[in-house]
Structure formats: structure tokens, C-alpha cells
Amino acid sequence: MAVLNMSLENPVFTCYLTYICILTLKMMLMSILTGMQRKKHQVLASPEDAKLSPGKNFKKSHEDVDRVRRAHLNDLENIPIFMAVGYVYAMTNPSLTTAAMLFRIYTAARCIHTYVYAIHVVPQPARGIAWGIGFLIAGYMAVASICHFAQF
Amino acid sequence: MAVLNMSLENPVFTCYLTYICILTLKMMLMSILTGMQRKKHQVLASPEDAKLSPGKNFKKSHEDVDRVRRAHLNDLENIPIFMAVGYVYAMTNPSLTTAAMLFRIYTAARCIHTYVYAIHVVPQPARGIAWGIGFLIAGYMAVASICHFAQF
Amino acid sequence: MAVLNMSLENPVFTCYLTYICILTLKMMLMSILTGMQRKKHQVLASPEDAKLSPGKNFKKSHEDVDRVRRAHLNDLENIPIFMAVGYVYAMTNPSLTTAAMLFRIYTAARCIHTYVYAIHVVPQPARGIAWGIGFLIAGYMAVASICHFAQF
């Protein structure tokens with residue numbers, strides 16, 4: 001039944017909606033993390049911010065700030081398209097068990113990616129694996145959805 | 001009634017759809033603004049663009065171009081996740097008054113953020129406040145939605 | 001009938017869903033392309049990645065890597081908001097012929113943009129035209145949708 005797919009009586013859809021919110025909060029955390037690293041290492045986001053703490057010596061950049069920003073950019077490259085493709089995937093009538101597991105693993109993989117990239121640096125391939133798991137899940141959802149709808 | 005939430009008879013949902021379009025146009029404006037600043041200060045986006053205006057001396061970068069790009073990147077970090085979380089929030093049956101007010105304030109805050117960051121630079125904390133208002137609204141929507149659906 | 005707009009019996013909506021998935025795969029390709037260029041030119045994404053291939057001399061940056069990243073960033077600036085505004089546009093009851101054509105041209109334009117920007121560099125205005133077509137379609141969808149819903 002078509003309408004069920006995106007009604008709030010469809011548990012796959014409400015599960016999707018929950019994880020969208022968790023991923024949003026996770027990405028918002030990156031902004032706070034950036035701000036904390038900027039403050040710690042006295043790196044300005046923009047020249048006019050110097051007036052907020054007069055008399056200090058500001059640096060142009062710092063590896064820890066760049067690191068958080070790289071992790072944030074990687075989120076921007078991956079999470080918004082996952083949110084979009086996850087929506088489509090939730091319409092394809094997957095089983096709740098499969099869908100919920102994919103949403104959970106994706107969210108965990110992205111949190112681990114941020115942790116090993118920007119919070120406590122762990123040698124590779126930790127970051128590569130965390131990124132790859134998220135990448136494969138998004139790719140699977142896209143291909144499975146195209147096969148399901150396929151209206152070009 | 002579940003189906004109403006995302007039907008076009010739900011005024012909260014059509015209000016959400018309207019603001020999505022306004023925010024899209026606002027973000028598209030950033031591309032135009034970047035182009036204008038690039039032209040004004042003769043900063044190329046990519047080396048092959050030099051052929052479009054032969055005989056000119058191009059610079060590697062200029063603070064005004066970087067400024068617009070920072071504002072644009074800040075939009076990319078904030079607005080797409082707001083669009084996603086706003087969708088979820090619109091499903092939680094909020095009152096039209098509250099929802100419309102949040103969408104309006106968010107959109108205004110983001111426009112002010114761009115204005116004080118990239119068009120007419122205003123000393124801090126103007127930009128910080130504009131960013132913070134948008135941040136708090138997105139955070140509120142995420143938390144309120146998780147409490148409403150909470151299916152992990 | 002309002003509910004039809006976003007039901008899976010609406011061919012405009014399933015067509016939209018299909019193109020979302022294609023655009024997602026297209027953007028995911030940018031990550032792979034970046035990785036390939038990084039490997040080819042031995043440019044690290046982050047210092048700790050040096051341990052993955054010990055004994056090599058790594059460079060700080062390379063024009064081919066930067067080029068793919070610029071193309072990727074341009075995708076991030078354009079495609080997520082197109083996905084959002086395309087959703088709204090699909091709700092406005094457009095004819096299937098028009099909507100499918102717009103989705104198709106947009107997707108083709110973005111693929112051409114990536115090709116002439118990051119794969120086989122073609123002199124301007126090739127990239128400008130490809131970008132402009134996508135930009136105009138997104139702008140048209142936003143304005144047409146605002147006129148249709150207009151609930152501020």
C-alpha cells in the first residue's frame with residue numbers, strides 16, 4: 001500500500017526520522033568542537049573576531065582546528081546525501097530490522113569517524129574503515145532504491 | 001491523524017515547504033555574491049577561467065572573496081541540516097503559530113548572518129548572535145523531534 | 001487531491017526519488033575521484049595517513065587534487081539544495097513531462113560540470129554553462145514552488 005510508506009504509522013519511516021535528528025545533532029556538535037579548538041589555540045574564524053578578546057595574539061591556523069574542520073567537511077560531503085537517500089530507501093518497503101540496523105550502523109560509523117579523526121587521533125586505517133562503512137551503506141541504499149523505483 | 005502531518009492540507013507542512021524555497025534562493029545568492037566579488041577583485045575560481053578575460057592580472061585570493069566563501073560554507077554547515085530537521089519537526093504536530101515563527105526567525109537569522117558577515121561587516125557579536133539563534137532553533141527542533149518519535 | 005502529491009502513485013514523485021539516488025551516487029563518485037588523485041599525486045588528506053604507505057615522499061597539495069575538491073565543493077553548494085527544492089517542486093503538481101525533463105537536464109548538467117571541471121579540463125565557458133543550467137533549474141523550481149504554496 002503506497003501511502004503507508006511515508007505515513008507515521010510506518011515504523012521504518014519514524015525510525016528514519018529519529019536518525020535524521022541524531023545525525024543533525026552530531027553535525028551541530030562539529031560547530032561547537034570547532035569553536036572550542038579555535039578558542040584553545042586562539043585561531044580566528046574571521047579578522048573582526050579579534051575584538052571579542054582584545055590584547056591577545058591570534059594565529060592564522062592550527063593543526064587541531066584544521067583537523068576538526070576537515071572532519072566537519074567530510075560530514076558535509078557524506079551526511080546530507082545520506083539523509084536524502086535514506087528518505088528514498090525508507091520508501092522502498094525495507095524490513096524494519098534491516099532498515100533500523102543500517103541507520104544505526106551508519107550513525108555509529110560517522111560518530112566513530114569523527115572521534116578518530118578530530119577528537120582522539122587513532123592511526124589509520126581506523127578512519128578509513130569508519131568512512132568506508134558509511135559510504136557502502138549510502139551506496140547500497142542508492143542502488144537498492146534505484147532498482148526499486150527506476151523511473152528515469 | 002497520522003497522514004495529515006505531511007499532507008498539503010497541513011498548513012505547518014506547506015509553511016515548511018515555502019521556507020525551504022526561500023532558504024534555497026538565499027543560498028543560491030551566495031554563489032552570485034562570490035562571482036561578483038571574484039570579478040571585482042579579479043580572483044579566479046580555477047586557472048582555466050583566465051581565458052574568459054585575457055590580458056588581466058589575476059590575484060590568488062582576496063579577503064572579500066574569502067569572506068563570502070566563509071559565509072557560504074557556514075550556510076552549508078547549517079542550512080541543509082536545518083532543512084532535514086525542519087521536515088522532521090513539521091511531522092511532530094507543532095502548532096502553526098510556533099512552527100511558522102521558528103521558520104521565520106531561522107530564515108531571518110541566516111539572512112542577517114550573511115549580511116553582517118559578507119555584505120556589510122559589523123563588529124562581533126552581531127554575527128555570533130545571528131548564528132547562535134539559528135543554531136538554537138535547529139537544536140530545539142532536533143531534540144523536540146527525537147522526544148516525539150524516539151524510535152532508535 | 002493533496003495526498004497524491006507525495007504518494008508513490010504519483011509518477012513525478014517516484015521520478016524525483018530516482019534522480020535523488022542518481023545524484024547521490026554522482027556525489028559519492030567525487031570522494032572516490034579525490035582518493036584516486038590523492039594516491040596518484042601522493043597528497044595526504046591528513047598527516048596520520050602517511051603510515052598507510054611508509055617510506056614515500058608526500059606533497060602538501062597538487063593542482064589535480066585541488067581541482068577535484070573544488071568540483072566536489074561546488075556539488076555541495078548546489079546539489080543538496082536542489083534535492084530539497086526538487087522535493088517541494090514535486091509537490092506542486094507539475095506535469096510529468098516537464099518535471100522529468102528538468103530532473104534529467106539538471107542531472108546531466110551537473111555530470112557535465114564535473115567532467116569539464118575535474119576529469120577532462122575543457123576551456124571556459126563549458127563549466128560556466130553547465131553550472132548555469134543547473135542554477136537556473138534550481139532557481140525556477142524555488143520560484144515556481146513559492147508561487148504555488150506561498151505560506152509565509
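Quick note on labels: first sequence line is chain A, next is B, and so on, each numbered from 1. Just so you know, these numbers come straight off a predicted model, no measurement behind them.
No other option in C/Met83, C/Glu48, C/His72 has as many heavy-atom pairs under 4.5 Å with chain A as C/Glu48. Ranked by heavy-atom pairs shorter than 4.5 Å toward chain A, the options C/Ala100, C/Gly35, C/Pro47 are led by C/Pro47. Across A/Pro125, A/Gly128, A/Gly139, A/Pro80, the residue that shares the most heavy-atom pairs under 4.5 angstrom with chain C is A/Gly139.
Side-chain contact check for C/Leu17 versus A/Tyr87: some heavy-atom pair is nearer than 4.5 Å. You'll find the side chain of A/Arg127 reaches within 4.5 Å of the side chain of C/Asp49, heavy atoms only. The side-chain heavy atoms of C/Cys21 and A/Tyr89, taken from C-beta on, include no pair separated by under 4.5 Å. Taking 4.5 Å as the limit, some side-chain heavy atom of A/Ile146 sits within range of a side-chain heavy atom of C/Leu25. Residues C/Ile32 and A/Phe135 meet the side-chain proximity criterion, which asks for heavy atoms closer than 4.5 Å.
For A/Val85 against C/Ile20, the heavy-atom pair with the smallest separation is N-CG2, 4.5 Å.
The OG1 atom of C/Thr14 lies 12.0 Å from the CE atom of A/Met91; values are rounded to the nearest 0.5 Å. Taking OG of C/Ser46 as the reference point, atom OH of A/Tyr117 lies at 4.0 Å (rounded to 0.5 Å). Distance CG/A/Leu76 to CD/C/Glu77: 11.0 Å, rounded to 0.5 Å. Taken from CZ in A/Phe149 to CZ in C/Phe13, the straight-line distance is 8.0 Å, to the nearest 0.5 Å.
Applying the 6.0 Å contact sphere to NZ of C/Lys39 captures no more than 12 heavy atoms from other residues, nucleotides or ligands. The environment of C/Phe58 atom CZ is dense: over 12 non-hydrogen atoms of other residues, nucleotides or ligands sit within 6.0 angstrom.
In this structure, no portion of C/Ile79 lies under 4.5 Å from any heavy atom of chain A. In this structure, no portion of C/Ile81 lies under 4.5 Å from any heavy atom of chain A. With a 4.5 Å cut-off on non-hydrogen atoms, C/Ala45 touches chain A through its backbone and its side chain both.
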